[in-house]
Amino acid sequence: MAHERGTGVDDGDRAGIPAAARLAASSDVAVLVLGDRSGLFGRGTSGEGCDVESLDLPGAQAELARAVLATGTPTVVVLLTGRAYAVPDVLKRAAAVVQAFFPGEEGAGAVARVISGAVNPSGRLPMSMPRSPSGQPYSYLHPRLGAASSVSNIDPAPALPFGHGLSYTRFAYADPSADETVPAGGSIRCAVTVRNAGERPGAEVVQVYASDTIASVTRPLAQLVGFARVELAPGQAARVAFDVPPRLLAFTGRDGRRVVEPGEVVLSVRRSAADVVAELPVTITGPVYEVTGAERRLTEVSVHVEPVPTRQGQEEEHS
């Protein structure tokens, strides 16, 4: 497999870009590796004391990416970074993008297995991917005015949301359910069936978010309260149930107490923070409930995986 240096991480050297573009143009598939150099106090492009004023890729890497992508050769871009960079052109034009962050000494083999198809990826973004290199800091935990609205001419929506991730197979969701009413000190149980609707084994990350529609203080539009990684064979399904404790619905009120207020809460099953599968309204009843340190802090998850369907069963299902 031939390779070209292209450019360094942050040296700005452009001398190797034409050769890299020529190699890509003469290839069936190109793998373009971009990213950071880990270091401390200015000795790297990412790490403690290595801050940036812009979320553009360091050095001449953006020029290298444009030159390789302009060849039209299907290009897999691997991002070895310590932060999320704004790479909208890469996300739009690349055949695939692998966000590997700093994967460590076993990272090369892991990335190779994902690119080659030996491993079906199931990772999800632990942060959003920015749309603009000068974009304001963004979190999926934003309140209503933190999203696009009439109070600003700038849409802060990211290029890719928190929790986003792709796979070599497809997953379908069905039969979402949740408790309709729950006392303020009780836990909420919700469930959904997820099925591998593709032709390859894979793992789906089922995500559950909570939204407090009306509260005495400003609340995020949605917050992650549970997730489950479910491995499924082609055609196989699983019933995934979540038991969400009241502590995860609590917030600090104006009097300084950590409380769960009565009223309507919406649980939502999502593929990512921005991809809603189903919304399930739940009414919290009773008086205001003050949360103490004794409450369970994590959502309990149970997964009931159905047997792998036989070939005959699959043929009957699709007949």
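Of the possible donor and acceptor atoms, none in the side chain of T75 sits under 3.5 Å from a partner among the backbone N and O of A94. A distance-only check finds a donor-acceptor pair linking the side chain of R296 to the backbone of L298 [under 3.5 Å]. Under a 3.5 Å cut-off, the side chain of R247 and the backbone N or O of T292 do form a donor-acceptor pair. Between the side chain of R93 and the backbone N or O of P88, no donor-acceptor pair lies under 3.5 Å. A donor-acceptor pair under 3.5 Å is absent between the side-chain atoms of T7 and the main chain of Q61, judged by distance alone. In this structure, the side chain of Y168 does not engage the main chain of E199 through any donor-acceptor pair within 3.5 Å. Here the side chain of R219 pairs no donor or acceptor atom with the backbone of P143 at under 3.5 angstrom. Of the possible donor and acceptor atoms, one in the side chain of D11 sits under 3.5 Å from a partner among the backbone N and O of G8. Remark: side-chain polar atoms of D179 are not paired, donor with acceptor, to backbone N or O of T181 under 3.5 angstrom. In this structure, the side chain of R83 does not engage the main chain of F101 through any donor-acceptor pair within 3.5 Å.
A distance of 8.5 Å separates OG in S150 from CG in L145, rounded to the nearest 0.5 Å. Separating the CD atom in Q223 from the OG atom in S139 is a distance of 11.0 Å, to the nearest 0.5 Å. Summarising the geometry, atom CG belonging to L249 is positioned 6.0 Å from atom CD1 belonging to I284; distances are rounded to the nearest 0.5 Å. Once rounded to the nearest 0.5 Å, the distance linking CZ of F242 with CZ of R189 reads 10.5 Å. Summarising the geometry, atom CZ belonging to R271 is positioned 11.5 Å from atom CG belonging to L166; distances are rounded to the nearest 0.5 Å. I188 CD1 to T283 OG1: the interatomic distance, rounded to the nearest 0.5 Å, is 9.5 Å.
Looking at heavy atoms from C-beta onward, S128 lies out of side-chain contact with L125 at the 4.5 angstrom threshold. Taking 4.5 Å as the limit, every side-chain heavy atom of R124 sits out of range of all side-chain heavy atoms of S272. Side-chain contact between V192 and D175: absent, with no pair of heavy atoms (C-beta onward) separated by less than 4.5 Å. Contact of the V266 side chain with the Y209 side chain is not registered, since no non-hydrogen atoms from C-beta on lie closer than 4.5 Å.
Both V303 and V277 sit in one connected hydrophobic cluster of ILVMFWY residues. Membership requires side-chain heavy atoms under 4.5 Å apart, directly or through other members. Residues V206 and V305 are members of one and the same hydrophobic cluster, defined by side-chain heavy-atom contacts under 4.5 angstrom among Ile, Leu, Val, Met, Phe, Trp and Tyr. Under a hydrophobic clustering in which Ile, Leu, Val, Met, Phe, Trp and Tyr are joined whenever their side-chain heavy atoms come within less than 4.5 Å, directly or via other members, L224 and F251 fall into different clusters. No path of Ile, Leu, Val, Met, Phe, Trp and Tyr side chains, each step under 4.5 Å between heavy atoms, connects F227 with L267, placing them in separate hydrophobic clusters. With hydrophobic clusters built from ILVMFWY side chains whose heavy atoms lie under 4.5 angstrom apart, L232 shares a cluster with V269.
More than 12 heavy atoms of other residues, nucleotides or ligands sit less than 6.0 Å from atom CG of L91. Taking a 6.0 Å sphere around CD1 of I214, one finds it holds 12 or fewer heavy atoms contributed by other residues, nucleotides or ligands. The number of heavy atoms from other shown groups lying within 6.0 Å of NE2 (H304) does not exceed 12.
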When you look at R195 and F171, which way does the side-chain contact (heavy atoms from CB on, under 4.5 Å) test go after all the steps? CA-CA 5 Å; R195 181 173 63 88; F171 295 93; over 6 Å; no

Checking V87 against L57 for the side-chain contact (heavy atoms from CB on, under 4.5 Å) test, could you report, in this order, the C-alpha distance in whole Å, the side-chain angles of both residues, the deciding distance, and whether it holds? CA-CA 8 Å; V87 289; L57 287 164; 3.8 Å; yes

Tell me, with the steps shown, if V244 and E300 meet side-chain contact (heavy atoms from CB on, under 4.5 Å). CA-CA 7 Å; V244 182; E300 293 180 349; over 6 Å; no

Take V98 and L79 through the test side-chain contact (heavy atoms from CB on, under 4.5 Å) and record every step on the way to the result. CA-CA 6 Å; V98 179; L79 297 174; over 6 Å; no

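Heavy-atom minimum distance, A250 versus V291: CB-CG2, 3.6 Å. Of all the heavy atoms in V225 and A210, the pair that sits closest is CG1-CB, 3.8 Å. Between A67 and I17, the shortest heavy-atom contact is CB-CG2, 3.6 Å. Closest of all the heavy-atom pairs between A25 and T73 is CA-OG1, 3.7 Å. When all heavy atoms of L55 and A84 are compared, the closest pair comes out as CD2-O, 3.9 Å. In terms of heavy atoms, Q236 sits closest to V308 at NE2-CG2, 3.4 Å.
Side-chain atoms of R229 and S122 include a donor-acceptor pair closer than 3.5 Å. Donor-acceptor pairing under 3.5 Å is lacking for the side chains of S38 and R43. A donor atom on one side chain and an acceptor atom on the other are not found under 3.5 Å apart for T45 and D10. The closest side-chain donor-acceptor pair between N196 and T169 falls under 3.5 angstrom. Side-chain contact of D243 with S187: a donor-acceptor pair under 3.5 Å is present, judged by distance alone.
Residue Q99 forms a side chain to side chain contact (heavy atoms under 4.5 Å, CB included) with just one option from T81, L160, V77, L80, and that option is T81. Each of V97, L34, V111 was scored for a side chain to side chain contact (heavy atoms under 4.5 Å, CB included) with V78, with one residue passing: V111.
For Y85, the ring-ring contact (aromatic ring centres under 6.0 Å, His included) test picks out no residue, with sequence neighbours left out. The side chain to side chain donor-acceptor pair (under 3.5 Å) test applied to S268 returns R270, not counting sequence neighbours.
For E295 and R297, the salt-bridge test fails: no basic side-chain N is under 4.0 Å from an acidic carboxylate O. Comment: E204 does not engage R170 in a salt bridge, judged by the lack of any side-chain N to carboxylate O separation of less than 4.0 angstrom. Salt bridge status for R66 with D89: absent, with no side-chain N to carboxylate O gap under 4.0 Å. Between R14 and E63 there is a salt bridge, since a side-chain N of the basic residue sits under 4.0 Å from a carboxylate O of the acidic one. For the pair D212 and R144, the salt-bridge criterion is not met [side-chain N within less than 4.0 Å of a carboxylate O].
Taking the six-membered ring where tryptophan is involved, the planes of Y140 and F162 are essentially parallel, since the angle between them stays under 30° and well short of 60°.
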